[in-house]
Amino acid sequence: MTDHLDKRLLVVSNRLPVVIGARDGDWTIIPGSGGLVTALAPVMRQRQGLWIGWPGCGEEAPIGALLDRFAEENGYSLAAVPLSEDEEERYYRGFSNEALWPLFHDLLGFCRFSFDNWQTYLDVNSRFARVVSDHAETDDLIWVHDYQLIGVGEQLRALRMHQPLAFFLHIPFPAADLFRRLPWKDTLLRSLMGYDLLGFQTLRDRRNFVYAAASLLSGVEVVRRKRSHDLLHFEGRTIRVGHFPISIDFDEFDQGARSREVEDAAWYLHENLRGRQLVLGVDRLDYTKGIPERFLAFERALEKYPELLSRVSLLQLVVPSRTQVPDYQNLKETLDQMAGRINARFSSPEWSPIHYVYRSLDRIQLLARYRTSEIALITPLRDGMNLVAKEYCASSVENNGVLILSEFAGAADQLGKGALLVNPYDIEATADAIHRAFFMEVDERRQRMRRMRAEIRRNDVHHWLQSFTRALSDRD
Ligand code: GDG
């Protein structure tokens with residue numbers, strides 16, 4: 001049996017884990033933030049890994065020199081796959097974000113299926129595969145990430161690469177009946193079957209995929225179903241399919257939230273609240289995150305339970321995202337209007353119900369808000385996992401936060417016993433959950449939060465990484 005745990009890791013993702021910029025005429029390259037970078041960076045360092053992706057900057061940047069500098073400073077290497085503006089438009093904004101993203105989040109109405117975009121998606125996926133084959137060594141473990149790069153595995157096989165090929169999907173996999181609507185469903189399924197290991201976020205995603213593959217692609221045979229994984233046979237190969245819920249570095253959030261800087265920032269926030277409870281929402285600007293529905297539920301709570309007036313505010317942080325895509329621009333306008341309308345309806349001279357902030361906060365300010373908010377309202381219409389929910393719990397160091405969580409977030413599988421689960425389309429029930437959370441006794445808050453924190457501590461991101469890489473070595 002080969003032990004994949006010692007192999008060099010070659011990670012492939014749409015974006016490299018860096019931010020490249022220019023300051024006062026000097027180019028800078030710094031590690032990006034986000035769960036995946038935090039999770040993978042230590043392992044990449046330990047195994048002198050290689051990360052391949054689009055650098056996210058134009059050709060004017062001295063990319064070679066910047067990547068060398070990054071490798072020296074961070075202990076693992078990067079290789080860039082450049083994209084032209086047209087490719088960025090068609091492969092990334094077009095096919096990935098206007099076809100696969102909404103389809104995989106069950107939002108067929110947002111889908112735009114364009115044959116030209118699909119062709120560019122395939123071309124860019126082959127380009128990624130060629131860069132991988134130029135850099136890969138015989139003993140590498142190749143790990144491709146997410147919906148933008150589904151086709152890379154099959155292309156690598158066509159290039160006769162014999163290394164183990166693994167893929168992890170960060171977003172949900174839809175039910176077969178929905179997936180069937182994709183005009184290129186066969187090719188996409190066949191591409192997924194090009195990997196040796198397929199990882200999904202939840203058991204539901206894994207089942208959706210296995211059912212779609214077995215029912216829509218001829219020649220797929222399910223040879224074993226176990227609790228931990230399924231084995232499929234296709235064209236003489238065996239494909240292992242598992243679910244590996246991604247997580248966060250619990251200790252980092254727990255310790256970060258206890259730090260002096262966060263404590264000071266949290267104290268300052270608290271002083272300004274004058275005894276009011278804070279309900280927190282944190283999301284990338286995205287129509288899958290259910291922000292308009294959340295505003296309506298909060299409005300309904302104020303209408304239905306007047307005892308909440310002046311005693312609770314919703315702080316909604318929205319991080320700008322995909323700003324070039326029209327649906328995202330429309331959503332921004334909708335949110336501006338809704339927040340304005342609700343505030344005009346309920347505000348008093350010393351209180352406004354919704355504080356809507358459209359920008360990214362630094363980590364200390366984010367953790368301070370996690371720590372201070374008595375309630376988190378995280379209600380995506382559909383979400384692969386939702387790391388914000390886990391970050392909120394890990395930062396709730398006084399054990400007294402209440403998490404209201406959508407039952408359609410992958411995180412509901414792990415946090416369902418401690419959170420108040422809601423259907424985000426059910427405005428009435430979400431309003432009731434806000435009321436219940438507001439009046440929840442301290443003992444119940446503590447009991448629920450302790451459960452969730454214990455779960456995240458046990459199943460943290462290091463555990464996720466280990467179980468995924470271990471699954472590649474198992475042969476049963
Ligand atoms: C995709 C899937 C899956 C947010 N605001 C600020 C900020 N953030 C950080 C959070 C968190 C991240 O952004 C958002 O992660 P999510 O998991 O919630 O959502 P997606 O971006 O949609 O991620 C998702 C994930 O991939 C991993 O597999 O869970 O389902 O859609 O880490 O902390 N960070 C800072 N300032 C902010 O204002 N610094």
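As the structure lists them, so they are numbered: ligands from 1, and atoms in each ligand from 1. Heavy-atom basis, side chains included; hydrogens, waters and symmetry copies ignored.
The side-chain heavy atoms of V422 and L405, taken from C-beta on, include no pair separated by under 4.5 Å.
Relative to atom 27 (C) of ligand 1, the option among E391, R363, H170, R359 with the closest non-hydrogen atom is H170. Between atom 29 (O) of ligand 1 and the options N386, D383, L169, the minimum heavy-atom separation is to N386. Across L387, L366, I378, heavy-atom proximity to atom 15 (O) of ligand 1 is greatest for L387.
Between N117 and G94, the closest heavy-atom pair is ND2-CA, 3.5 Å. Residues V312 and V279 approach most closely at CG2-CG2, 3.5 Å, considering heavy atoms. Contact record, I248 with K390: CD1-O, 3.5 Å, taken as the closest heavy-atom pair.
With no hydrogens or angles considered, a side-chain donor-acceptor pair links Y91 and N14 at under 3.5 Å. Side-chain contact check for Q316 and D283: at least one donor-acceptor pair (N or O, by modelled atom type) lies under 3.5 Å. With no hydrogens or angles considered, no side-chain donor-acceptor pair links T120 and R90 at under 3.5 Å. Side-chain contact annotation: R276 with S313, donor-acceptor N/O pair under 3.5 Å absent.
There is a protein heavy atom closer than 4.0 angstrom to atom 6 (C) of ligand 1. In this structure, atom 13 (O) of ligand 1 is not in close contact with the protein, since no protein heavy atom lies within 4.0 Å of it. For atom 23 (O) of ligand 1, no protein non-hydrogen atom is found at a distance below 4.0 Å.
Of all atoms in ligand 1, numbered sequentially from 1 with element shown, those under 4.0 Å from a heavy atom of G384 are 30 (O). Near W101, meaning under 4.0 Å from one of its heavy atoms, ligand 1 places the atoms 31 (O). Those atoms of ligand 1 that come under 4.0 Å of a heavy atom in Y370, given as number and element, are 33 (O). Residue contact check: I246 has heavy atoms under 4.0 Å from atoms 27 (C), 28 (O) of ligand 1. Residue contact check: V282 has heavy atoms under 4.0 Å from atoms 4 (C), 5 (N) of ligand 1. Listed by number with element, the atoms of ligand 1 under 4.0 angstrom from any heavy atom of M385 are 3 (C), 24 (C), 29 (O), 30 (O). Residue-ligand proximity, S360 to ligand 1, at heavy-atom distances under 4.0 Å covers atoms 36 (N), 37 (C), 38 (O). Under a 4.0 Å criterion applied to the non-hydrogen atoms of R284, ligand 1 contributes the atoms 20 (P), 21 (O), 22 (O).
With a heavy-atom cut-off of 4.0 Å, V388 touches ligand 1 through backbone and side chain alike.
Residues E455 and R458 are paired through a salt bridge, judged by an N-O separation under 4.0 Å between the basic side chain and the carboxylate.
Ring geometry, F168 versus H170: the interplanar angle exceeds 60°, so the pair is classed perpendicular (tilted spans 30 to 60°).
At least one cation-pi condition fails for R240 and Y195: the charged atom is not both under 6.0 angstrom from the six-membered ring centre and inside a 45 degree cone around its axis.
Closest protein heavy atom to atom 38 (O) of ligand 1: L361 N, 2.7 Å.
For K289, the closest heavy-atom approach to ligand 1 falls below 4.0 Å.
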